[in-house]
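Okay, so here's the structure we're looking at.
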Amino acid sequence: MSSFHQPTLFSFLNGGNKKNNKKKDNECNNNEKKPNATTSKEETGLKRKIIDKNKEEELNESNNKNVKKTNDTSLKEEINLKKRKIINDDNEEKEVFKKPKSTDTSMDIDENTNSQDSTKIKKAEKKTLTIFGSQDSEYQDFNWKAGEPVPYAVLCKTFENIENTTKRIKIQDYLTKLLVAIIKLSPNNLLETIYLCLNRICPEYEGLELGIGETILIKAIGEATGRSAKSIKTDIEKQGDLGNVAQMSKSNQKTLFKPKPLTVPAVFKGLKEIAMFTGNQSQTRKINKIKGLLIACNGNEPKYLIRSLEGKLRIGLAEQTVLMSIGQAIVLSENMEKRKSKERLESEITKAIETIKSIYSELPSYDIIIPALLENGIQNLSSICKLTPGIPLKPMLAHPTKSLTEVLNRFENLTFTCEYKYDGERAQIHKLENGECRIYSRNMENLSNKYPDIVERIPRIAKNDVTSFVLDCEAVAWDKENKCILPFQVLSTRKRKNVEAGDISVQVCVFAFDCLYLNGKSLIKKTFKERREALHNSFTPIEGEFTFAKNVNANNVDEIQTFLEQSVNDSCEGLMIKTLEVDSSYEPSKRSRNWLKVKKDYISGGIGDSLDLVVIGAYTGRGKRTGSYGGYLLACYDNENEEYQSICKIGTGFSDEQLEKHTEFFKQHIITKPKPYYRVGDAKPDIWFDAVQVWEVKCADLSISPVHQAAVGLVDPVKGISLRFPRFLRIRDDKTPEMATTSEQVADMYNQQVVISKNNAASQSGGVDDDFEY
DNA sequence: GTATACTAATTGC
DNA sequence: CTCAGACGCATTCGG
DNA sequence: CCGAATGCGTCTGAGGCAATTAGTATAC
């Protein structure tokens with residue numbers, strides 16, 4: 001009913017005093033531990049098993065887990081910590097969620113001063129209110145005064161809180177609390193804070209990147225702490241995260257003098273500067289800047305600073321949650337002094353979250369939204385920030401489905417339509433009122449300079465009375481001579497920057513499927529039926545340059561099945577299925593995955609490719625896969641040379657349980673050097689294995705590979721073949737490694753792909769393929 | 001000094 | 001891009 | 001009738017291949 005929940009409000013109001021909270025949490029843990037531990041034995045499921053297994057450690061260490069976290073290096077501890085987190089969350093669930101709920105009712109009688117509970121809440125509320133402008137605050141330890149820059153430590157403390165829970169409402173809560181305080185104390189820092197939470201430095205469409213990777217970070221950490229790159233690398237394997245390694249290296253190090261504490265704006269400015277270093281010696285300058293920041297870090301700051309630089313905060317906080325927190329925080333901060341009923345606040349927050357999400361999906365720029373929000377409040381925001389040609393909007397995405405029956409179940413009794421899913425690059429085409437044309441990618445990067453050929457043709461696709469528009473399309477590599485679609489791999493060879501019309505080697509055809517804005521009006525709230533009519537009425541196809549996506553308004557399985565097969569036969573990936581009327585607006589904020597996609601490889605036993613491959617190596621896992629192998633190297637068997645040829649790595653498709661089992665199993669088959677009959681090209685795994693097990697693996701396509709060696713010499717003289725989107729299906733215990741898929745089979749599968757065989761046929765006959773029409 | 005080869009980073013799917 | 005896990009929410013099931 | 005179980009959608013973070021680009025190191 002409402003996305004805002006009472007525990008959120010309660011814990012927010014009650015969270016005024018950090019020390020009280022902490023104490024309470026500990027009490028909860030102590031009280032809950034024993035009953036929880038005993039009941040867990042009767043329960044099944046992995047989660048429960050983990051709890052049981054680690055019960056003892058949990059009892060001993062739960063109270064000083066933060067201390068442990070920063071000081072303990074061993075792998076075992078890290079894993080325990082991971083599991084402990086689950087247990088803590090379990091306890092939280094019992095305490096934090098039940099207790100506030102029981103007080104909910106008293107919140108309802110807002111003015112009832114007789115109730116003991118409600119007086120408690122008032123006290124809590126009062127404490128929260130005193131945050132602002134006084135020393136007695138949640139953030140008092142950080143010496144943060146109104147009007148002054150937000151200390152980086154405050155942000156990192158919030159990150160730590162967030163990282164230590166998996167509860168989404170709680171995460172949202174921690175961030176909201178911080179944002180409210182910032183709005184009240186240092187509103188100028190709100191924008192920077194939000195960017196740091198999201199690990200970004202500017203709107204996506206501005207395209208500024210950090211240009212920092214692991215290698216440079218290792219160098220910087222090494223120089224800042226006096227450690228060798230090699231020892232840092234071994235630590236990463238143990239700790240699974242460069243941020244943790246930096247934290248460790250830093251805490252072991254004694255600093256001679258204390259630099260001024262970091263602030264949020266200073267860190268943000270530092271990141272932006274790093275991003276803007278270019279040209280000769282820029283890497284050295286980046287390293288020096290990082291070193292400077294690192295040296296100024298205190299407490300847990302190195303961990304989060306380094307993770308920010310890595311581009312992955314990995315604390316369970318991302319865009320959607322940040323947006324919700326912004327909405328919640330702005331309402332709460334606007335109503336701090338007012339006494340509004342719980343219901344009233346709740347509904348205002350729900351509405352604000354909806355508003356923020358929808359505004360952001362139409363105009364994904366915090367640079368614009370946040371200042372407008374601070375200045376004008378949430379009420380007038382949608383009149384200031386709205387869909388504008390020239391600024392990309394968040395694209396609608398599709399939900400994968402496993403079968404056509406699933407599609408029919410979901411869209412039962414609704415009118416829907418099926419479209420070809422072309423294998424190319426998403427292209428959002430904008431024409432501004434002033435005539436300027438731009439193209440944006442799925443991630444809102446500006447592609448105008450990549451596709452000058454498309455930009456040039458944009459004015460010709462619209463009918464005369466059209467002044468401005470935004471279209472949603474797919475750009476697909478196109479063979480002009482034979483009038484057929486080329487593989488994605490061909491498209492990706494196009495230059496990306498400073499493309500001159502003259503040096504375009506790969507032609508593209510644009511397949512349009514939606515119209516989001518037309519002649520000064522946004523169409524996103526209209527039904528897809530209406531939008532598609534607008535598209536078809538206002539634009540004209542040009543052969544080989546601009547076409548509408550092929551579609552059929554079928555509604556029975558047979559028809560759709562035929563259309564699906566036809567799409568694959570026409571070199572497409574499968575179908576997109578969209579409702580025409582009900583719930584068919586283009587509002588990614590509502591449901592970003594409102595469309596369904598049926599890809600040929602999803603359908604089990606169907607057209608999709610599945611291979612039986614041998615495991616010959618592995619890579620150490622990072623993050624939540626620390627302590628197990630995060631990915632494996634697979635090979636096919638070559639009869640001719642009696643060797644195993646690498647075909648791909650694989651890192652998805654297995655459950656946590658399987659992942660652990662694989663790790664256990666393959667630890668018994670480690671070999672120190674690769675066998676002479678392993679041919680792996682540049683795919684060097686961290687650990688080599690004896691060829692003992694066969695895995696069934698599924699993929700979407702096969703491609704010519706610059707690294708892997710499968711079927712080398714059969715399709716390409718020097719290059720092998722690899723798999724696109726590989727995923728683990730199951731262990732094939734019935735097969736020995738010699739019975740794995742062979743190189744010949746791999747080569748055959750490659751050649752049998754429609755898009756390959758069609759093009760081979762076309763280039764051999766030199767004529768137009770008659771079966772191929774648009 | 002300039003051309004070339006290599007590596008790391010980013011981005012598409 | 002694929003996939004699994006955790007969470008939150010809604011609905012159904014069973015004592 | 002209420003709490004437990006179940007099912008579904010969303011969100012997040014693990015992991016994949018292959019291409020260009022930018023910066024650096026090396027060779028001539």
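Small disclaimer: the values here were computed from a predicted structure and weren't measured.
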- Set of side-chain contact (heavy atoms from CB on, under 4.5 Å) partners for A:Pro203, sequence neighbours left out: A:Tyr195, A:Tyr205, A:Glu206, A:Ser365, A:Asp367
- Message: Please report the distance, rounded to the nearest Å, between CG in A:Leu729 and C1' in D:dG16.
- Response: 14 Å
- Item | Protein-to-nucleotide contact annotation, 5' to 3' order, nucleotides 4-13 of chain D [B base; S sugar-phosphate only; - none; under 4.0 Å, heavy atom] | -----BBBSB
- Note on the structure: Under a 4.0 Å heavy-atom criterion, DNA chain B is touched by chain A from B:dA8 to B:dC13
- Message: Heavy atoms only, 4.0 Å cut-off, all strands: where does A:Leu659 land among base, sugar-phosphate and nothing?
- Response: nothing
- Message: Classify A:Tyr619 by what it touches in the nucleic acid, base, sugar-phosphate, or nothing, heavy-atom distance under 4.0 Å.
- Response: nothing
- Verify whether the ring centers belonging to A:Phe666 and A:Tyr632 lie closer than 6.0 Å. yes
- Task: Select base, sugar-phosphate, or nothing to describe what A:Lys450 touches, counting heavy atoms under 4.0 Å on all strands.
- Result: nothing
- Quick one: side-chain contact (heavy atoms from CB on, under 4.5 Å) partners of A:Ser403, sequence neighbours excluded? A:Thr405, A:Glu406
- Note on the structure: Going 5' to 3' through nucleotides 17-25 of chain D and flagging B where a protein heavy-atom sits under 4.0 Å of the base, S where only the sugar-phosphate is that close, and - otherwise, we get SSBBSSSS-
- Item | Residues in ring-ring contact (aromatic ring centres under 6.0 Å, His included) contact with A:Phe159, at least two apart in sequence or another chain | A:Tyr304
- Rounded to the Å, how far apart are A:Phe728 CZ and C:dC3 P? 13 Å
